[in-house]
Amino acid sequence: MSRLNAVVSDDRRVPREALRSTGYAVYGAAIGILALYTLPLLLITAVLTLVRVGRPMALPMLRWVRRLADLERSRLRRLGHEIESPYHGPDVEAEPSLRGALADPETRRDLSWLFMHATWGLIVGIVAIQLPFTAVRDITYPIWWTTISPDQQEILNGTVEAATWSAAMIGPIAGVAVFALWLIGAPKLCELQARPGVNLLGPDPDADLSERVARLTATRAAALDAHAVELRRIERALHDGAQNRIVGVAVLVGAARREVERNPERADEILARAQDTVEDALAELRAVVRSILPPVLENRGLEGALSALASDCSVPCKVTVDVPDRCPASVEATAYFVVAESLTNVAKHSRASRAEVEVRLRGGRLHVSVTDDGRGGADAANGSGLAGIGRRVEAHDGDVTVTSPAGGPTEIRVELPCGS
Ligand SMILES: Nc1ncnc2c1ncn2[C@@H]1O[C@H](COP(=O)(O)OP(=O)(O)OP(=O)(O)O)[C@@H](O)[C@H]1O
Ligand SMILES: [Mg+2]
């Protein structure tokens, strides 16, 4: 029974699909007719623009082409193609000149599509529309064969003369064949008609790629920058902290040696100070090492490390981590530093009563958000912490959004590609 249902519904699917495709082919052909009328108008405008008379017409014409292209884009979307609008500017009117508009790759692609659709698209559309009419005409041919004058008694577009009754019967046979052709071919014809639009009306893949290369070049520079800043920070921390203390230890040990003979008690005192200083130096070194790659991340994973940060925060903080797999270490470290800096800011500046940290892995990207119900007004221009978050995240080709209106609340949102 269920198999029978499946066969019946499959039987219905084919004519329904053919009808739907023909409907879209009619829509496409209508756009094709508009495109066909636009071509000579564009040609006249181009010629008139050369002698400067047509200048006022040029931009409205290009705008019209954009409208037609948009119409085709919406038709293609309804056919199931994902076509993003490729335009970056608000409109062609924004272009400074006709030459500027023509230099615009999107406009050039629109014009190529216009030509293809006015020719290829229109012809394919007409074929798709004609097939069902031809099928009906040929199948019903014997019914009205006797009513037409003998010099018009021909079938298959005039290729066969149907002077006799038996010859007229070729009509229904041919009609059934054309009908079958329509059933099978209509979706394919609709696809063929859509092809120029699919290829030309989306964003230019080359331009897309060059934008991506430009972005990667910028983020690589940012990564190197962030790396250099990090090295400088470590160098300063070692220089001003541990190194200074070890120098102090050397001085103290020297003084102790001099005092050993003369005043052993004093020497002992100095050595005790030297020991304290060595311990401070060790603590400093540990802090520097932790700031490079927090060991807590390695030991307890992202969730444990963030919970530790939250429990150290003076503002009550809820942590939600939904990351089923581990991300690359550098991504986890960046997420950790983002949350660490944001929570330090919450404690330092926000006067919030509650904070919340959410980390989720969705579609290969790690989403981190830190929110507080404080007074708002976070501004990267007023310090180095938020700017540092920006640089770290940029180095990973990620995005940062800071939403912090005066009066609050504040939300720091970060997205990092996880690449795993
Ligand atoms: N959660 C927050 N709530 C309210 N104001 C904030 C918040 N976070 C940051 N700010 C404001 O934005 C400014 C910039 O923050 P940023 O972290 O860049 O610098 P900072 O914390 O002042 O110094 P540091 O360089 O030590 O991080 C802060 O001075 C503060 O006024
Ligand atoms: Mg800060």
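Atoms within each ligand, like the ligands themselves, are counted from 1 in listed order.
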Closest non-hydrogen protein atom to atom 12 (O) of ligand 1, residue and atom name please, with distance?
Asp379 N, 3.0 Å

Short side-chain to backbone donor-acceptor contact, Arg360 and Ser369, under 3.5 Å:
no

Any N or O on Ala380 sitting closer than 3.5 Å to an N or O of ligand 1?
no

Atom 4 (C) of ligand 1 [closest protein heavy-atom partner, distance rounded to 0.1 Å]
Gly376 O, 3.3 Å

Under a 3.5 Å distance rule, please check whether Arg73 uses its side chain to pair with a backbone N or O of Leu201 as donor and acceptor.
yes

Among all protein heavy atoms in this structure, tell me which lies nearest to atom 21 (O) of ligand 1, with the distance rounded to 0.1 Å.
His349 NE2, 2.7 Å

Just heavy atoms, cut-off under 4.0 Å: does Glu341 contact ligand 1 by side chain, backbone, both, or neither?
side chain

May I ask you to list the atoms of ligand 1 that are less than 4.0 angstrom from any heavy atom of Ser384?
18 (O), 19 (O), 24 (P), 25 (O)

Atom 8 (N) of ligand 1: closest protein heavy atom, distance to 0.1 Å, is Asn345 CB, 3.3 Å

What residue and atom, counting heavy atoms only, is the protein's closest point to atom 26 (O) of ligand 1, and at what distance?
Lys348 NZ, 3.2 Å

Would you compute the distance between atom CD of Glu358 and atom OG1 of Thr320 and round it to the nearest 0.5 angstrom?
5.0 Å

Looking at Glu394 and Arg391, does any basic side-chain N land under 4.0 Å from a carboxylate oxygen?
no

What is the nearest protein non-hydrogen atom to atom 1 (N) of ligand 1, stated with its residue, atom name and distance?
Asp372 OD2, 3.0 Å

Which residue and atom name correspond to the protein heavy atom nearest atom 19 (O) of ligand 1, and how close is it?
Gly383 CA, 3.3 Å

Assess whether a salt bridge exists between Arg266 and Glu269, defined as any Lys/Arg side-chain N lying under 4.0 Å from an Asp/Glu carboxylate O.
yes

When you compare the side chain of Val321 with that of Val357, does any pair of heavy atoms fall below 4.5 Å?
no

Looking at Glu191 and Arg195, does any basic side-chain N land under 4.0 Å from a carboxylate oxygen?
yes

Is the His117 ring parallel, tilted or perpendicular to the Trp113 ring (thresholds 30°, 60°)?
parallel

Please check this pair: side chain of Arg413 against backbone of Val402, looking for a donor-acceptor N/O pair closer than 3.5 Å.
no

Arg67/Asp110 salt bridge by N-O under 4.0 Å criterion:
no

What residues form a salt bridge (charged side-chain N to carboxylate O under 4.0 Å, His left out) with Arg75, not counting sequence neighbours?
Glu72

Other residues, nucleotides and ligands only: do more than 12 of their heavy atoms fall within 6.0 Å of CZ on Arg236?
yes

Ser350 heavy atoms, cut-off 4.0 Å: which ligand 1 atoms fall inside?
1 (N), 2 (C), 3 (N), 4 (C)

For Thr410, atoms of ligand 1 separated by under 4.0 Å from a heavy atom:
1 (N), 3 (N)

Is Gly385 in polar range of ligand 1, meaning some N or O pair under 3.5 Å apart?
yes

Axial cation check for Tyr24 ring with Arg78, 6.0 Å and 45° limits
no

Taking 2.8 Å as the distance threshold, tell me the number of protein N/O/S atoms next to the Mg ion (ligand 2).
2

Nearest protein heavy-atom contact for atom 7 (C) of ligand 1: which residue, which atom, what distance?
Ala378 CB, 3.6 Å

